[in-house]
Amino acid sequence: MNPQPPAPTCVRHPNRPTGLACTRCGRPSCAECLRPAAVGQHCVDCLRADQRGVAPVRTVSGAAAARTSAPYATYALIAINVVIYAITAIQSKSLMDNQRGSALFLDWVLWAPAVADGEWWRVLGSGFLHYGPIHLLLNMFALFVVGRDAELVLGRLRYLAVYSASLLGGSAGVMLFSQNSLTAGASGAVYGLFGAITIILIRLRQNPNQMLIIIGINVFISLSLPGISLWGHLGGLAAGTLATLGILFLPAWLRVKTPQAARMVGWAAVALVAVAALATVAVSAITSTV
């Protein structure tokens with residue numbers, strides 16, 4: 001009798017005999033290395049090759065669509081704000097008056113003369129400070145509401161870039177028009193996200209009236225109530241709006257032809273807004289010392 005030929009073994013597990021094979025490449029594979037397909041079953045190597053060859057799904061901003069809708073960047077920003085507030089409350093030994101006796105608060109609060117003396121970290125750090133728990137809760141609630149949708153459409157990196165540009169824009173507004181105030185809070189960046197959501201709705205051909213009404217109400221409140229940084233809000237709103245316009249509309253206005261070039265134009269627009277905000281801060285700091 002002629003001996004039977006040895007059973008084929010899995011190409012990825014040579015110690016496993018198998019009678020199965022990939023219906024695409026024909027190589028013998030064990031059950032662990034096969035996945036159901038529309039016709040037959042495909043090995044994991046063929047599936048990986050397919051995934052590499054398929055272009056990622058992208059949002060209107062050019063960002064790769066997230067695999068999950070969880071707004072992790074928004075959660076991270078909220079967590080950072082809460083942690084910094086907790087530090088100031090511990091240092092001041094007061095939950096309500098956390099600005100009194102907190103070294104961190106005194107070192108980070110936005111005050112034009114201190115920035116002019118070289119304390120530039122205040123331009124960013126002040127955006128993570130808050131005057132009391134109500135100030136914190138209002139800003140974090142607004143950030144949670146608008147940040148989720150903005151992050152989903154813009155993608156995490158662009159979303160964080162727009163948020164940062166808005167924060168810088170708010171600081172620039174304060175440095176330019178309210179140099180004698182002690183300003184703190186994430187509201188400048190949140191106002192920037194208000195503008196970003198408005199531009200996103202227009203780009204998606206949705207009605208932006210609701211966001212415009214919200215912006216109008218908040219600007220009216222900023223004008224009516226004392227102790228609210230109107231120029232910080234308006235500076236953040238302008239920066240966030242312009243940065244998002246640069247991402248979503250500027251490539252089409254410039255008639256950019258390739259997706260890669262469109263993404264570069266968007267990033268350049270956000271960078272230009274941030275640089276303009278920093279330049280405004282620098283000019284304001286110089287003029288305040290003259």
Side-chain angles (χ1 to χ4, degrees), residues 73-144 147 160-193 222 226-240 273-289:
T74 299
Y75 292 156
L77 289 171
I78 292 174
I80 292 170
N81 278 274
V82 171
V83 168
I84 290 177
Y85 180 82
I87 294 173
T88 61
I90 292 171
Q91 289 180 341
S92 65
K93 299 179 182 180
S94 174
L95 186 64
M96 303 302 294
D97 294 324
N98 62 300
Q99 75 277 11
R100 299 180 183 275
S102 169
L104 180 63
F105 201 102
L106 292 175
D107 286 342
W108 282 16
V109 68
L110 184 60
W111 188 44
V115 176
D117 286 340
E119 298 180 7
W120 282 79
W121 60 84
R122 294 175 182 266
V123 173
L124 281 176
S126 59
F128 295 93
L129 298 174
H130 290 86
Y131 285 102
I134 295 177
H135 188 204
L136 173 71
L137 290 174
L138 288 175
N139 277 341
M140 293 305 98
F141 176 74
L143 174 57
F144 177 72
L160 291 173
V162 170
Y163 185 92
S164 300
S166 302
L167 194 158
L168 291 174
S171 295
V174 172
M175 289 289 297
L176 193 59
F177 297 109
S178 186
Q179 295 189 352
N180 294 322
S181 63
L182 294 173
T183 305
S187 51
V190 171
Y191 268 69
L193 295 183
S222 300
I228 296 180
S229 178
L230 171 65
W231 295 111
H233 292 173
L234 294 181
L237 176 63
V273 171
V275 169
L278 287 173
T280 301
V281 171
V283 171
S284 300
I286 293 171
T287 56
S288 68
T289 59

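For reference, positions follow the sequence shown, starting with 1.
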Trainee: Under a 4.5 Å cut-off applied to non-hydrogen side-chain atoms, are Val109 and Tyr131 in contact?
Mentor: yes
Trainee: Going by heavy atoms in the side chains, are Gln91 and Leu104 under 4.5 Å from each other?
Mentor: yes
Trainee: Could you pull out the closest heavy-atom pair between Gly132 and Asn98, with the gap in Å?
Mentor: N-OD1, 2.9 Å
Trainee: Quick one: are Leu77 and Leu160 in side-chain contact, heavy atoms under 4.5 Å?
Mentor: yes
Trainee: Quick check for you: to the nearest 0.5 Å, what is the distance between Leu95 atom CG and Ile90 atom CD1?
Mentor: 10.5 Å
Trainee: How many angstroms lie between CD1 in Ile84 and CZ in Phe105, if you round to the nearest 0.5 Å?
Mentor: 11.5 Å
Trainee: Would you tell me whether Ser181 and Thr183 have side-chain atoms, one donor and one acceptor, within less than 3.5 Å of each other?
Mentor: yes
Trainee: Determine which pairs satisfy salt bridge (Lys or Arg N to Asp or Glu O under 4.0 Å) with at least one residue from residues 103-113, sequence neighbours left out, and list them in order.
Mentor: none
Trainee: How long is the straight-line distance from OG of Ser126 back to CG of Leu182, given to the nearest 0.5 Å?
Mentor: 10.5 Å
Trainee: Within a strict 4.5 Å, meaning less than it, do heavy atoms of the Thr88 and Trp108 side chains meet?
Mentor: no
Trainee: Can you tell me how far OG of Ser222 sits from CG of Leu234, rounded to the nearest 0.5 angstrom?
Mentor: 7.0 Å
Trainee: Looking at side-chain heavy atoms only, is the closest gap between Ser187 and Ser229 below 4.5 Å?
Mentor: no
Trainee: How about Val115 and Val281: do any of their side-chain heavy atoms sit closer than 4.5 Å?
Mentor: yes
Trainee: Give a yes or no answer on whether the side chain of Arg122 reaches the backbone of Leu106 with a donor-acceptor pair at less than 3.5 Å.
Mentor: yes
Trainee: Please confirm whether the backbone N or O of Phe128 pairs with a side-chain atom of Tyr85, one donor and one acceptor, at under 3.5 Å?
Mentor: no
Trainee: Report the relative orientation of the aromatic rings in His135 and His130; use parallel for angles under 30°, tilted for 30 to 60°, perpendicular for over 60°.
Mentor: perpendicular
Trainee: What closest approach, in Å, do Met96 and Pro133 show between heavy atoms, and which atom pair accounts for it?
Mentor: SD-CG, 3.6 Å
Trainee: Please name the pair of heavy atoms, one in Ser166 and one in Gly240, separated by the smallest distance, quoted to 0.1 Å.
Mentor: OG-CA, 3.1 Å
Trainee: Tyr163 versus Leu143: any side-chain heavy-atom pair under 4.5 Å?
Mentor: yes
Trainee: Compare all side-chain heavy atoms of Ser164 with those of Leu168 and state whether any distance is below 4.5 angstrom.
Mentor: no
